[in-house]
2 protein chains.
Amino acid sequence: MPRAPQRSETMSIARLAKHLGLSEGTVSRALNNYPDIADKTIARVRKAADELGYRPSTTARRLARGVVETIGFVLPARHGHQIDPFLAEILDGLATELALSDWDLLVAAVPEGHDEVEVMDRLIRSGKVGGFVIARTRRHDPRIDYLRKSHIPFVVQGRTEDCDDYAWLDIDNEKAFIDAMGHLVGLGHRKIAYLGGDPDLNYAWQRRSGYLSAAKTHGCDVLDGYLHDGITDEMAARHAVADLLKHPDRPTAILCVTDAVAIGAIHALAHAGITVGEEISVIGFDGLPMGEAIHPGLTTMSQASYQVGRAVGRIVVEQANAPASEFSQILWEATLTIRGSANPPAPKLVTNAKGGIS
Amino acid sequence: MPRAPQRSETMSIARLAKHLGLSEGTVSRALNNYPDIADKTIARVRKAADELGYRPSTTARRLARGVVETIGFVLPARHGHQIDPFLAEILDGLATELALSDWDLLVAAVPEGHDEVEVMDRLIRSGKVGGFVIARTRRHDPRIDYLRKSHIPFVVQGRTEDCDDYAWLDIDNEKAFIDAMGHLVGLGHRKIAYLGGDPDLNYAWQRRSGYLSAAKTHGCDVLDGYLHDGITDEMAARHAVADLLKHPDRPTAILCVTDAVAIGAIHALAHAGITVGEEISVIGFDGLPMGEAIHPGLTTMSQASYQVGRAVGRIVVEQANAPASEFSQILWEATLTIRGSANPPAPKLVTNAKGGIS
DNA sequence: ACTCTTTCCGAAAGCGGTTTCGGAAAAGAA
DNA sequence: TTCTTTTCCGAAACCGCTTTCGGAAAGAGT
């Protein structure tokens, strides 16, 4: 005799079946719409299940069916301290979408001393998740190398450099930055500097490429000292701006890889007594709400993070259901949000004067 | 004969046992440190398990053990559009801490047309979670009423008004705002206005109380029109500030329920041509990094969200392991972060003059 | 050499569902 | 009415792991 677990009073299919005078199998099939159960029986079972508040144990169901309707999301190791606000919104959208298909979202962190792939491997091997969504993609990403071999469905928010054998949804970062450059050039700027992020992260790389390619197209010289990489926080942004201000041929506009960097830049400029949006224009990327709260408002390229999360969720579930279909690979465009931080450059004659004239 | 599921090639305990020439039971007990297994057998099993990359299926384990090492977190219904940055950090800390005890974090959203308690109920009944962490607590919170009856472990970040029969961890919001007021009074302010949030949310209520109580203590009159409730976004903050500026007895300082509101207020003030930190001082609460990025830097009360998440995670696991121990109820203090937005009020003589003199 | 303990492992019964299979009862055909 | 189909449900075998129980093998005691 095994133990006598005295399982709690939760309503099980056994109890339900006894209550109805039916076999467990019949009840199960009734609840799962099998064609060989009489309609009135189905109705009767449904009713009783509702009344008794029966919910099949997902654990048991998973064991029997051998599938896990849970997708995993591994929080990127916190490089700084702060979680990306963009990620929070994606998570929200993801959870919302998954709920619609009755899937769950398992969020995991990477413990000190481990890496992301390790965490993902454990999640898969222990059968906790049946799919993955990953974000903050690197140009070449070991997580994706791993997932390719793992044969479980996954969708990438962003993409790697070689990305034709898996599903992804990305913002067209390159085009966005070409557009942003177009906007600045349209305003009359030619001397445009760039504050870029970690070039290993693919989005940063793509945006950088967009900047460079547009600069070439429009004949804007990227002077020595105009292009800064690795700007990932406030401090770095300030230093970079300080450098730019000392530049013999001071730029009239600064394009920034993210809103966070742009805000840092604006702060640094303001601190140096520069009127942002007049003496120097600034453009960011993200469309964070705080871009609206600062002064001047931040002109930026906005992306719909929440919607990205939802779309990614939809795709991953589709993929889990449709075994070997095509990989959906989707490119979304960012939209320009014009606020006060980017305007035509100050006319040359007054660049040396103190007060800027509009 | 049942189906022939041709289960995938995952290493199961059965295969491991066969490989070792042992019974499944023995292998299981060996891996779980039962005292009745020879040490060398344990070693042998461990080794083989490692080599073959065996990980027990958590699904099967759960079913057999009848426990679910997963805690649920229901994302608060998105009142606005944006997820609270504070929450994101808590989630991060929570996931990190849970990972240490091999627990999982299940994040759920509330689908349109449903409410949070419903979602929680489904998660419990279907056995997906074995505990909860909840945040954004209301003064009186239906989620907690529900959980009290549910007999599953849970920890609240924040607390309700009657809160002695469950575990919680809260910031001492009242004291924080008393301290903030003390700071302002110490700087010389007496005419201090307050921009409060949704008074149903307990933290907003507590902060409001702190403001009022300190105002009384220090003999600061809370004039008609000084106290604004329900300021939850940028727009509301701007309107409120506009009102304050029209006030016949204009306040010299504004205390704000959150950093977000404070930043909105600063923006509005700047827009109106007021020098923040000279003509009018502003204090916020949260310690968001963006408070550092704006100009002037936001003086604020900081709370360590990530640490809150970790602590809450630790508590909920403890509680799940120690059946009927005491409820831990913890109060943390926020710390004052002084930046540029709060300074002594401008001397009376020059309040009518144009340029502020330091 | 022969009990009495210990030590260590196998057998087997679940956990709560799902799914295949076969067959009794009901319905249709002859 | 009798034979053939259908319709509908019960029986039973898992899913992969845990845990109790009993007993064979090995060591200890005399």
Side-chain angles (χ1 to χ4, degrees), chain A residues 1-45 49 52-69 124-128 130, chain B residues 1-45 49 52-69 124-128 130:
Chain A
M1 288 138 263
R3 49 86 203 291
Q6 217 49 4
R7 213 63 146 206
S8 63
E9 287 311 319
T10 86
M11 176 62 48
S12 67
I13 201 175
R15 259 193 280 278
L16 218 199
K18 186 150 28 149
H19 172 87
L20 285 163
L22 290 173
S23 76
E24 299 180 23
T26 303
V27 172
S28 172
R29 276 168 302 164
L31 291 173
N32 289 293
N33 282 324
Y34 273 59
D36 64 344
I37 302 289
D39 289 344
K40 65 177 181 188
T41 305
I42 293 192
R44 199 161 67 93
V45 173
L52 299 180
Y54 168 73
R55 295 227 161 262
S57 148
T58 30
T59 305
R61 182 195 287 251
R62 279 180 189 170
L63 186 56
R65 293 228 251 237
V67 296
V68 209
E69 318 90 334
I124 293 182
R125 298 188 102 90
S126 59
K128 287 180 175 175
Chain B
M1 287 136 260
R3 49 83 203 293
Q6 216 48 3
R7 213 61 146 207
S8 64
E9 286 311 318
T10 86
M11 177 61 50
S12 66
I13 201 175
R15 258 192 280 278
L16 218 200
K18 186 151 27 150
H19 173 88
L20 285 163
L22 290 174
S23 76
E24 299 181 23
T26 302
V27 172
S28 171
R29 275 168 304 167
L31 291 173
N32 289 293
N33 282 324
Y34 273 58
D36 64 343
I37 302 289
D39 288 344
K40 66 176 181 190
T41 305
I42 292 192
R44 200 161 65 94
V45 173
L52 299 180
Y54 167 72
R55 296 229 160 259
S57 148
T58 32
T59 304
R61 183 195 285 252
R62 279 180 190 171
L63 186 56
R65 292 228 252 237
V67 295
V68 208
E69 317 92 333
I124 293 183
R125 298 188 102 91
S126 59
K128 287 180 175 174

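So you know, we letter chains A, B, ... as the sequences are listed, proteins then strands, and number each from 1.
Following rounding to the nearest Å, B:L20 (CG) and C:dC8 (P) show an atom-to-atom distance of 17 Å. When the P atom of C:dT18 is taken as reference, atom CD of A:E69 falls 11 Å away, rounded to whole Å. Atom C1' of nucleotide C:dG17 and atom CG of A:L22 are separated by 16 Å, given to the nearest angstrom. Taking atom NZ of residue A:K128 and atom P of nucleotide D:dG16, one finds them 18 Å apart after rounding to whole Å. Rounded to whole Å, the distance from CG on B:L16 to C1' on D:dC17 is 12 Å. Protein atom CZ of A:R15 is 10 Å distant from nucleotide atom P of C:dC15, rounded to whole Å. We find that CD1 of B:I13 is positioned 13 Å from C1' of D:dC15, with the value rounded to whole Å. The distance between atom CE of B:M11 and atom P of D:dC15, rounded to the nearest whole Å, is 15 Å.
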Passes side-chain contact (heavy atoms from CB on, under 4.5 Å), A:L22 versus A:T41? Steps please.
CA-CA 10 Å; A:L22 290 173; A:T41 305; 4.0 Å; yes

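End-to-end axis angle of the helix from C:dA1-D:dT30 to C:dA30-D:dT1, from C1' rotation axes over five pairs per end: 40° (rounded to 10 degrees).
Distances shorter than 4.0 Å separate some side-chain N or O of B:R65 from OP1 or OP2 on D:dT19. Under 4.0 angstrom from either OP1 or OP2 of C:dT19 there lies no side-chain N or O belonging to A:R29. Contact check, A:T26 against D:dC8: no side-chain N or O comes under 4.0 Å of OP1 or OP2.
The pair A:R62-A:E69 counts as a salt bridge, with a side-chain nitrogen and a carboxylate oxygen less than 4.0 angstrom apart.
Among the protein residues, A:T59 comes within range of no part of the nucleic acid, since none of its heavy atoms lies under 4.0 Å from any strand. Using a 4.0 Å heavy-atom cutoff across all strands shown, B:S28 reaches at least one base atom of the nucleic acid. Residue contacts for B:S57: at a heavy-atom cut-off of 4.0 Å it reaches the sugar-phosphate backbone alone, with no base atom in range.
B:I42 is not listed as a side-chain neighbour of B:Y34, based on a closest heavy-atom distance of 4.5 Å or more. By the 4.5 Å heavy-atom criterion applied to side chains, B:V45 and B:K40 are not counted as neighbours. A heavy-atom distance below 4.5 Å is found between the side chains of A:S28 and A:I13. Side-chain contact between B:V68 and B:K128 is absent, with no heavy atoms from C-beta onward closer than 4.5 Å.
Within residues 30-39 of chain B, the residues having any heavy atom under 4.0 Å from DNA chain C are, by residue number, B:D36, B:I37, B:A38.
For A:R125 (side chain) and B:G53 (main-chain N/O), a donor-acceptor pair under 3.5 Å exists by modelled atom type. A distance-only check finds a donor-acceptor pair linking the side chain of B:R29 to the backbone of B:G25 [under 3.5 Å].
Within the model, atoms CZ of B:R61 and CG of A:L63 stand 13.5 Å from one another, a figure rounded to the nearest 0.5 Å.
Of the candidates C:dC15, D:dC17, D:dG10, the closest approach to any side-chain atom of B:L63 belongs to C:dC15. Here D:dG16 is the nucleotide among C:dT18, D:dG16, D:dG10 with the atom lying nearest to any side-chain atom of B:A64. Residue B:E24 has its side chain nearest to D:dT18 when only D:dT18, C:dG10, C:dC9 are considered.
Each of B:V67, B:T58, B:T59 was evaluated against A:T59; a single residue qualifies, B:T59, per the side chain to side chain contact (heavy atoms under 4.5 Å, CB included) test.
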